[in-house]
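Each ligand, and each atom within it, is numbered from 1 in the order the structure gives. For the single chain, residues carry numbers from 1 onward in sequence order. Side chains included, hydrogens not; waters and symmetry mates left out as well; all remaining heavy atoms used.
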Amino acid sequence: MSVNSIAGGAAALSAVAPPQTRDDPRYLQVVDTLVSPDATPTQREHAYDLVAGLESADDTPLTDAVLTERAAQAIADDRTIPVAVSAVAPLVPPGTALGPFPSSDAGALEMMTYSNPLSIKANLENGGLIFRDPDSDQFFVTTPMGGTLDGFNPGQVPQPDDLTLVACYHGHADYSKADGSRTDKAGDEFNSDHFSAQDKSLADRGVWGSVIYVSTPSGDFRKYDAATRQDTVIN
Ligand SMILES: [Zn+2]
């Protein structure tokens, strides 16, 4: 086959689809804010096109804040662009699945880095669910929803039909006395730096997947895997 015919084909293609510049500084700023530094150039380009599409679909230009908020939702919904969790999570409803992540642990670590300080600050538990996409073998973790001083109910978390539940995570709030007043590590009456027996039992019974994660007031993130019965610090 001749080289000429291949070159001719490429020329014909570029005539049909003119090159896109993707150089609008507003859109680039939104992409830089919402997309993980780990994203590939192709994923960033896809994010840029989603952002640009939001504004061109509207008659009037959006404010920067509205554009960023809508872009966060669009990028979350797309589920192919690794997101900057700490930037996207506050802009989407609690319980929104974010990803993709290469593993359940990676998603849990990223989300608990965001959610644990919120749990400690409010002195309320929070948490969410972790899913696997059976088509892509990628993982998604939901943004935190609220709990109480000593509990979190994963039953409130929306479960997308097309994702498989594999794990849950929760944050143990701050060190507290039984009446809910804050204290220090020595005065803690909730064993906050460790899984409760009920936490492990949930995983053993596979109620919210067979793996459970907890973030603690010490800053440790722990994982309990019912398959191995191992309880380990993962950060
Ligand atoms: Zn717990």
Closer than 2.8 Å to the Zn ion (ligand 1) - protein N, O or S atoms, ordered by chain and residue number: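 As for protein N, O or S atoms lying under 2.8 Å from the Zn ion (ligand 1), they are H170 NE2, H172 NE2, D199 OD1, D199 OD2.
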Quick one: pull up OG1 in T68 and CZ in R26 and give me the separation to the nearest 0.5 Å.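 Here the rounded value is 8.0 Å.
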Nearest 0.5 Å please: distance from the NE2 atom of H170 over to the OG atom of S215. 8.0 Å
Flag, side chain of D150 to backbone of F190, donor-acceptor distance under 3.5 Å: no
For Y27, what residues pass the ring-ring contact (aromatic ring centres under 6.0 Å, His included) criterion, not counting sequence neighbours? Y48
What are the two closest heavy atoms between P93 and T143, and how far apart are they?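 Of all heavy-atom pairs spanning P93 and T143, the closest is O-OG1, 3.1 Å.
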Check against side chain to side chain donor-acceptor pair (under 3.5 Å), T216 and S218: CA-CA 5 Å; T216 70; S218 70; 2.8 Å; yes
